[in-house]
Amino acid sequence: MCLNMDGVYYFIVEFLHVKPGKGPAFVRTKLKNVTTGRVIDKTWNSGVKVEEVRIERRPYQFLYRDDMGYNFMHPETFDQISLPGESIDGVQFLKEGDNVEAMVHAESETILTCELSAHVTLEVTYTEPGIRGDTATNTLKDATVETGAKVRVPLFINAGDKIEIDTRDGSYIGRVK
């Protein structure tokens with residue numbers, strides 16, 4: 001859900017309806033600013049009216065990057081749009097042909113934010129060579145993937161391996177065969 005507070009759009013990250021034994025009920029929320037990405041805590045009395053913003057999720061396919069930003073195409077209408085990198089979550093893991101989901105403000109048709117799927121599969125282009133039998137410990141090393149992003153991977157991963165990465169926090173999930 002997206003809210004409009006004083007002209008600024010916020011996504012609700014989490015909320016909790018609290019009904020204490022004494023006093024009125026209230027709602028405790030964590031809100032993420034759409035433009036800056038900053039998360040704030042906000043508490044409302046129960047029953048307070050807030051202005052909801054209608055948001056549509058639309059699929060787009062990443063085409064290329066140029067000096068104007070990242071260029072995407074809608075797969076059904078073939079409309080092309082350009083977005084700055086700051087409005088794309090997990091932009092360091094974006095490669096040509098990837099599908100993303102854009103949050104579009106329904107009334108003004110402006111794109112608020114864009115996010116990749118939760119997991120992507122990328123090829124490791126560079127990492128220090130692994131030593132055979134180094135699978136017992138949880139030690140991690142740096143690796144560079146095909147998009148240029150740096151990821152921490154286990155010692156047994158070598159250059160040329162395909163790995164699965166969580167785009168939300170950039171963590172290694174597993175090796176893909």
Side-chain angles (χ1 to χ4, degrees), residues 1-14 29-40 50-128 140-153 157-177:
M1 185 174 181
C2 188
L3 305 176
N4 182 0
M5 290 181 5
D6 302 325
V8 180
Y9 297 137
Y10 290 94
F11 284 120
I12 297 177
V13 177
E14 64 182 58
T29 62
K30 283 192 180 194
L31 305 173
K32 181 179 179 183
N33 189 320
V34 171
T35 53
T36 64
R38 205 174 114 217
V39 177
I40 62 169
V50 291
E51 184 181 346
E52 182 180 349
V53 179
R54 204 175 101 224
I55 300 293
E56 294 177 357
R57 290 168 128 12
R58 295 185 187 158
Y60 280 92
Q61 183 179 21
F62 176 58
L63 298 175
Y64 60 93
R65 180 182 180 196
D66 60 7
D67 55 345
M68 298 295 289
Y70 293 82
N71 294 288
F72 295 90
M73 176 185 68
H74 193 279
E76 295 165 6
T77 63
F78 303 110
D79 292 336
Q80 290 191 15
I81 59 167
S82 182
L83 293 175
E86 299 84 43
S87 64
I88 305 168
D89 296 337
V91 69
Q92 68 270 24
F93 303 114
L94 189 62
K95 66 177 184 179
E96 289 183 13
D98 280 353
N99 292 318
V100 298
E101 204 165 74
M103 310 316 172
V104 181
H105 187 271
E107 284 85 36
S108 66
E109 289 294 320
T110 57
I111 295 179
L112 301 174
T113 184
C114 197
E115 58 187 31
L116 275 74
S117 61
H119 302 163
V120 293
T121 301
L122 297 172
E123 184 176 339
V124 176
T125 56
Y126 175 77
T127 186
E128 295 295 325
L140 300 175
K141 63 180 179 179
D142 289 326
T144 306
V145 293
E146 60 188 295
T147 60
K150 300 224 182 293
V151 181
R152 302 280 293 164
V153 297
I157 299 293
N158 295 314
D161 289 350
K162 290 194 181 286
I163 59 172
E164 192 172 6
I165 301 169
D166 189 336
T167 58
R168 295 167 291 199
D169 60 3
S171 63
Y172 166 85
I173 294 175
R175 187 164 40 178
V176 178
K177 296 188 175 167

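The first residue of the sequence shown is numbered 1, and numbering continues consecutively from there. Reckoned from all heavy atoms, side chains included, excluding hydrogens, waters and symmetry mates.
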Salt bridge (charged side-chain N to carboxylate O under 4.0 Å, His left out) for Arg54 and Glu52? Distances and angles first, verdict last.
CA-CA 7 Å; Arg54 204 175 101 224; Glu52 182 180 349; over 6 Å; no
Determine, stepwise, if the pair Arg175 / Asp161 fulfils salt bridge (charged side-chain N to carboxylate O under 4.0 Å, His left out).
CA-CA 7 Å; Arg175 187 164 40 178; Asp161 289 350; 3.6 Å; yes
Any chance you could lay out the side chain to side chain contact (heavy atoms under 4.5 Å, CB included) test for Tyr172 and Ile157, step after step, and finish with the verdict?
CA-CA 11 Å; Tyr172 166 85; Ile157 299 293; 3.7 Å; yes
Side chain to side chain contact (heavy atoms under 4.5 Å, CB included) assessment of Lys32 paired with Arg38:
CA-CA 6 Å; Lys32 181 179 179 183; Arg38 205 174 114 217; over 6 Å; no
Test Phe72 against Leu94 for side chain to side chain contact (heavy atoms under 4.5 Å, CB included), laying out the working first.
CA-CA 11 Å; Phe72 295 90; Leu94 189 62; 3.9 Å; yes
Evaluation steps, side chain to side chain contact (heavy atoms under 4.5 Å, CB included), between Glu115 and Arg168:
CA-CA 9 Å; Glu115 58 187 31; Arg168 295 167 291 199; over 6 Å; no
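When all heavy atoms of Ile165 and Ile173 are compared, the pair lying nearest together is C-CD1, 3.8 Å. Nearest heavy atoms, Thr167 versus Phe93: CA-CD1, 4.1 Å. Here the closest non-hydrogen pair linking Pro59 and Pro75 is O-CD, 3.2 Å. Closest approach of Thr125 to Ala159, counting heavy atoms only: O-CB, 3.9 Å. Taking every heavy atom of both residues into account, Leu3 and Val50 meet most closely at CD2-CG2, 3.7 Å. Taking both residues in full, the closest heavy atoms of Glu96 and Leu63 are given as CG-O, 3.2 Å, listed atom of the first, atom of the second, then distance.
Counting only heavy atoms from C-beta outward, the side chains of Asp89 and Val100 never approach each other to under 4.5 Å. At least one side-chain heavy atom of Leu31 sits less than 4.5 Å from a side-chain heavy atom of Ile12. At a threshold of 4.5 Å between non-hydrogen side-chain atoms, the residues Lys95 and Val120 do not count as touching.
Here CE of Met73 is found 9.0 Å from CG of Asn99. Values are rounded to the nearest 0.5 Å. Summarising the geometry, atom NE2 belonging to His119 is positioned 4.5 Å from atom CG belonging to Asp166; distances are rounded to the nearest 0.5 Å. In this structure, the separation between CD on Glu86 and SG on Cys114 is 13.0 Å, given to the nearest 0.5 Å. In this structure, the separation between CD on Glu101 and CG on Leu116 is 11.0 Å, given to the nearest 0.5 Å. To the nearest 0.5 Å, atoms CE (Met1) and OH (Tyr10) are separated by 15.5 Å. With values rounded to the nearest 0.5 angstrom, Ile111 atom CD1 is found 3.0 Å from Ile81 atom CD1.
At distances below 3.5 Å, at least one donor-acceptor pair connects side-chain atoms of Thr127 with backbone N or O atoms of Asp142. Put simply, the side chain of Thr110 never gets that close to the backbone of His105: no donor and acceptor are under 3.5 Å apart. With hydrogens and angles disregarded, no donor-acceptor distance shorter than 3.5 Å links the side chain of Thr121 to the backbone of Glu164.
Taking a cutoff of 4.0 Å between a charged side-chain nitrogen and a carboxylate oxygen, Arg58 and Glu76 do not qualify as a salt bridge.
Within a 6.0 Å radius of NZ in Lys30, other residues, nucleotides and ligands contribute 12 heavy atoms or fewer. When the shell of 6.0 Å around CZ of Arg65 is examined, it contains 12 or fewer heavy atoms from other residues, nucleotides or ligands.
With sequence neighbours left out, Tyr60 forms a ring-ring contact (aromatic ring centres under 6.0 Å, His included) with His74.
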